[in-house]
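Residue numbering restarts at 1 for every chain, and letters A, B, ... go by the order of the sequence lines.
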Amino acid sequence: MSYNPSEIEAKWQNKWDDEKAFEPDDALTRKKKYILSMFPFPSGRLHMGHVRNYAIGDAFARYYRKQNFNVLHPIGWDAFGMPAENAAIKHGRHPKDWTYSNIDYMRKELNALGLSFSKTREFATCDELYTKWEQEFIIKMFEEKLLYRESTTVNWCEDCHTVLANEQVEEGCCWRCDNEVQLKEMPGYYLDIIKYADELLDDLKLLEGKWPNQVITMQSNWIGKSQGLEFDFELSEASKAKLGGNFDKYTVFTTRPDTIYGVTYSALAAEHPITKYLLEHGQLDEDVAQKITHIANMTERERAQADKEGYALGLTVIHPLTNEEIPVWTANFVLASYGGGAVMAVPAHDERDFEFASKYELPIKRVISGGEELPYTLEGELIDSAAFTGLGNYQAKAKIIAMFEETGFGKGTTNFKLRNWGVSRQRYWGAPIPFVHCKSCGLVPEKIENLPIALPEDVEITGEGNPLENHPTWKNCACPKCGEDAIRETDTLDTFVQSSWYQFRYATNPKKWETTGIDKEEANYWLGVDQYIGGIEHAILHLLYARFFTKVLRDLGYHDIDEPFENLLTQGMVLMDGAKMSKSKGNTVDPDALVEKYGADTARLFTLFAAPPAKELEWNDSAVEGAFRFIKKLYDRKDKVTQNTLPDIDQGSLGKESKLARVKVYEALQKSSDVYEKTFAFNTLIAACMEALNALDKQDDGAVWSEGMYIMLNLLEPIIPHVATELSEVLFERKNLQAVLEVKEEVFVQESVLYVVMIGGKKRTEIEMSPSATQDEILAAAKEAGAKWLEGMSIVKEIVVPNKLVNLAVKPS
RNA sequence: GCGUCAGUGGUGGAACGGUAGACACGCUACCUUGAGGGGGUAGUGCCCUAGUGGUGUGGAGGUUCAAAUCCUCUCUGACGCACCA
């Protein structure tokens, strides 16, 4: 019978369902592996990126199951989010209906790929039971003051009608719709991720060698820790008077306290309270005021692209060390969101300060020696710096900070680029933020026993505003504290909140889902995730948030885990004609059609064979055919097998080709643990199996064939599970899939060893030697064989690499 | 500008510092088939005077008996960050 993938695949998918083959043990006694591929958004259909992601994860899960681990390999749905609402607006379907029917369809698609997911642990993040626990966490975070509500300038996407977190702004545009982001002042809920910035940064060390370097560096840069000095500039008396006595001083931050004697001006952001005061009280010339307002209305990105621009504010401050009076300017390069929105400017040793000072003819004073031109930003000795003159600038930094601390004028401090995570979204299809606004009690969290605060279903979604705002019976409620009339919060949580803790939900036994959010004992057993697989695009967003949530939930007592994802594999994109597959470009391949035509095993084999997982995968129709051909060949060779167990083979009785075939088979077996545990180079493991099959084909010993298939099917089962299980069933009653296979070293013992003879570093000839040959014998044979190239030469050095080669270093004699 | 990663045949890609190009795709020739498809055999980095020849892993140096691999510089590309004081 010839290879019929659809029949075989349906048969085994049903059988696996019946056998409940992929559920982890409830008992937490065996060694465990938690294998997780990032869960999908239920967009409607699977794409090739999903196939790649889940093929990789499934290979790990099946491999470790065969190594006798208790394996948790779950799947779920990242189900809240804008596309559901957009679909509702476009097609008039309710987001809930749209989402759950997409899930039903995509579940079937995943099933057709033969992925070994636990079926009992599946959930969607829009399930009310999931929302319930999430809301509990949010309330606990509020109680611990990790969640707060505040009105600030936020990133606003007009297209999506919602606020965006800093991490969701890419090159000044919305991460989802690419619309330009605007600035807007409005209230919102924030998670104090900065409180965990140090731990998030330090613990990156624990991930070295286990996460891609690139991701670690990106996170480290994003957190952006810098250490320096924070001190106050006292305003001059005249300036205090000008500000109506409302301000005495303001704080600045610098990472270069060693240059403090070179300060020639100070600059404030357009949004700084002092700048604002001057604007609001008409203290500035009208055209200057207009220009400053114009700057304030620009996004950070626009300002970054603009030329340096600033205006003197007619104020002065006192230099804390020299008591000089220093002019205060406002400048478009000073960011309101960092370091208090005010800087000391040292044009001699900072490029921005220099550019600005040059443009506005402000004085420039060198205080660090070195180099010829200004600005000079490298190391050097201090000059013209009072008692610190002559010190190296590195040493001076520490001394100046110490001096400020002693005198109480300032202190050493740390600043982060990381901003607190804004989690409120003005959208319907998300988890409601479980708070109530009460006239007398203020902001009040819901009572835990009232959770979940579920979304009302009777809403009309038009795209104009948040439907929760227009739903009186939902919006109007009683205050959980005083019982008076109150208004429910209508903002919902960022969808990244749901994906920040799903790894803990899977680890909690579904039997407890009604009564427990995260089971501590089970979380401690299953986590960290032993292998996490997903796209590089989450390097900052999801992976940073999930690390943060893990630490917060730990501190709230839900578990004792520090890092959620032990090992991370970031898969490359799937490309067609060099470009990312996308509907808009029309260069997609439909996984359903692929499975229909060739079967799931071919789809999986191709995606794992065509490129190593971390690299981009270029689509190639002919290579898919090639993968199909290999499976077909493997299937056809079942007739070569003569025994239904692993045979004992007398190596001595075999011909040369059979011996070589055994070598290839055992080389593949040896490679397998390396691939799963270290290199992840599935492509080379598949290549090794192809070599083994090619070598088996060159001989006809039934026992060698039986042994070869027994082992190869075991190795290939994680990759092409249907056909490998089918053949294993027919040939070996699946005994080969239960066994942990051992390498037989005697297979590698050869009667003769081929040595390459190199003369002067060039390959010249080969010699065949007995494995017991001494070094002298090998050298003698090499010299004889290479006599032709040794003529007129004298040997200066002789190298013998056992079982590999001889290198004779020569020079003309 | 800064950071990370990567540059190997026509293509995807292999190579503990030890025979560069495994494996696969494509291509060429031949065999099988009525054709197509499928299968099989042989060949396939480049150059030449065709050899047990020369050369070859973006480029230039270096370390080594030996370098795609290690070091220095440089070029190119991808991704990320980007006035962070």
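In this structure, Phe231(A) and Phe404(A) have tilted ring planes: the angle between them lies in the 30° to 60° band. The aromatic rings of Tyr635(A) and Tyr3(A) are tilted relative to each other, their planes meeting at an angle between 30° and 60°.
No donor-acceptor distance shorter than 3.5 angstrom exists from the side chain of Arg366(A) to the backbone of Leu374(A), with no hydrogens or angles considered. Between the Gln227(A) side chain and the Asn415(A) main chain, no donor and acceptor come within less than 3.5 Å of each other. No donor-acceptor pair closer than 3.5 Å links the side chain of Tyr676(A) to the backbone N or O of Thr679(A). No donor-acceptor pair closer than 3.5 Å links the side chain of Glu355(A) to the backbone N or O of Arg352(A).
In G34(B) the base sits anti relative to the sugar, since the glycosidic angle is further than 90° from 0.
Residue contacts shown for Val334(A) include a base, since a base heavy atom lies under 4.0 Å away. Among the atoms of the strands shown, none is found under 4.0 Å from any heavy atom of Lys664(A). Nucleic acid contact for Pro212(A): none, since no nucleic acid atom lies under 4.0 Å from a heavy atom of the residue. Across all strands shown, Gly626(A) has heavy atoms under 4.0 Å from sugar-phosphate atoms exclusively, and none from any base. The residue Asp353(A) sits apart from the nucleic acid: no heavy atom pair falls under 4.0 Å. Base contact: Ala306(A) has a heavy atom under 4.0 Å from a base atom. Counting any heavy atom pair closer than 4.0 Å across all strands shown, Phe630(A) reaches no nucleic acid atom. If you check every strand for non-hydrogen atoms under 4.0 Å, Glu618(A) touches nothing.
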Distances under 3.5 Å only, N/O to N/O: pair up the protein atoms with those of nucleotides 62-66 of chain B.
| residue | atom | partner | partner atom | Å |
| --- | --- | --- | --- | --- |
| C65(B) | OP1 | Lys797(A) | NZ | 3.2 |
| C65(B) | O2' | Asn807(A) | ND2 | 3.3 |
| C65(B) | O2 | Asn807(A) | ND2 | 2.8 |
| A66(B) | O4' | Asn807(A) | ND2 | 3.4 |

Tabulate protein N/O versus nucleotide N/O from nucleotides 47-53 of chain B, keeping only pairs under 3.5 Å, one per line.
| residue | atom | partner | partner atom | Å |
| --- | --- | --- | --- | --- |
| U52(B) | O2' | Lys788(A) | NZ | 3.0 |
| U52(B) | O2 | Lys788(A) | NZ | 2.4 |

Could you run down the sub-3.5 Å N/O contacts of the protein with nucleotides 38-46 of chain B?
none

Every protein N/O lying under 3.5 Å from an N/O of nucleotides 67-73 of chain B:
none

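Taking the P atom of each, C47(B) and U57(B) are spaced 16 Å apart, rounded to whole Å. Straight-line distance between the C1' atoms of G7(B) and C83(B): roughly 33 Å, to the nearest whole Å. As rounded to the nearest Å, C25(B) and G34(B) have C1' atoms that lie 30 Å from one another. Rounded to whole Å, the separation between the C1' atoms of A14(B) and G21(B) comes to 7 Å.
Sorted by first and then second residue, the salt bridge (Lys or Arg N to Asp or Glu O under 4.0 Å) pairs involving residues 259-271 of chain A (not counting sequence neighbours) are Glu271(A)-Arg303(A). Contacts classified as salt bridge (Lys or Arg N to Asp or Glu O under 4.0 Å) and involving residues 754-766 of chain A (residues at least two apart or in different chains) are given here: Lys763(A)-Glu766(A). Within the structure, ring-ring contact (aromatic ring centres under 6.0 Å, His included) contacts touching residues 335-355 of chain A (residues at least two apart or in different chains) do not occur.
Listed nucleotides C23(B), G26(B), G3(B) differ in distance to Thr217(A); the shortest reach to its side chain belongs to G3(B). Of the candidates A22(B), C25(B), A85(B), A85(B) carries the atom nearest the Arg352(A) side chain, counting heavy atoms from C-beta on. The side chain of Asn620(A) sits closest to C25(B) out of C25(B), A85(B), C23(B). Comparing U19(B), C23(B), A85(B) against the side chain of Leu805(A) picks out U19(B) as the nearest. When each of A22(B), A85(B), C5(B) is scored by its nearest atom to the side-chain atoms of Asn213(A), the top-ranked nucleotide is C5(B). Proximity note for Ala611(A) (side chain, C-beta onward) versus A85(B), G12(B), C16(B): the nearest is G12(B).
Figure legend: cation-pi geometry between Lys632(A) and Phe628(A) absent, as NZ or CZ is not positioned both under 6.0 Å from the six-membered ring centre and within 45° of its axis.
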List the steps, then state whether side chain to side chain donor-acceptor pair (under 3.5 Å) holds for Glu167(A) with Trp222(A). CA-CA 9 Å; Glu167(A) 289 79 3; Trp222(A) 188 263; 2.9 Å; yes
List the steps, then state whether side chain to side chain donor-acceptor pair (under 3.5 Å) holds for Lys417(A) with Asn166(A). CA-CA 10 Å; Lys417(A) 283 197 225 178; Asn166(A) 267 25; over 6 Å; no
Please walk me through it: do Glu230(A) and Thr251(A) pass side chain to side chain donor-acceptor pair (under 3.5 Å)? CA-CA 7 Å; Glu230(A) 193 180 273; Thr251(A) 305; 5.4 Å; no
For Tyr598(A) and Glu596(A), run side chain to side chain donor-acceptor pair (under 3.5 Å): C-alpha distance rounded to whole Å, both residues' side-chain angles, the deciding distance at 0.1 Å, then the answer. CA-CA 6 Å; Tyr598(A) 297 102; Glu596(A) 172 92 12; over 6 Å; no
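Considering CZ of Phe333(A) and CG of Asp353(A), their distance stands at 5.0 Å, rounded to 0.5 Å.
Here Glu691(A) pairs with Lys664(A) under the salt bridge (charged side-chain N to carboxylate O under 4.0 Å, His left out) rule; sequence neighbours left out. Every residue two or more places apart in sequence or in another chain was checked for a salt bridge (charged side-chain N to carboxylate O under 4.0 Å, His left out) with Glu625(A), and none qualifies. For Tyr360(A), the ring-ring contact (aromatic ring centres under 6.0 Å, His included) partners two or more places apart in sequence, or in a different chain, are Trp329(A), Phe356(A).
Of the charged side-chain nitrogens involved, none lies within less than 4.0 Å of a carboxylate oxygen, so that Lys640(A) and Asp697(A) do not count as a salt-bridged pair.
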What is the per-nucleotide protein-contact pattern of nucleotides 77-82 of chain B, from the 5' end, where B denotes a base atom under 4.0 Å from a protein heavy atom, S denotes such proximity for sugar-phosphate atoms only, and - denotes neither? --SSS-
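The closest side-chain donor-acceptor pair between Ser672(A) and Asp674(A), if any, does not fall under 3.5 angstrom.
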For RNA chain B, the dot-bracket notation using Watson-Crick and G-U wobble pairs below 3.5 Å, [ ] for pseudoknot-type crossings and | for other-strand pairs, is (((((((..(((.....[....)))(((((((.....)))))))((((..).)))..(((((..]....))))))))))))....
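Under 4.0 angstrom from either OP1 or OP2 of C23(B) there lies no side-chain N or O belonging to Asn683(A). At least one side-chain nitrogen or oxygen of Ser226(A) sits closer than 4.0 Å to the OP1 or OP2 atom of A85(B). In this model, the phosphate group of G13(B) is approached by a side-chain N or O of Lys615(A) to a distance below 4.0 Å at OP1 or OP2.
As rounded to whole Å, 13 Å separates atom C1' of C23(B) from atom CD1 of Ile719(A).
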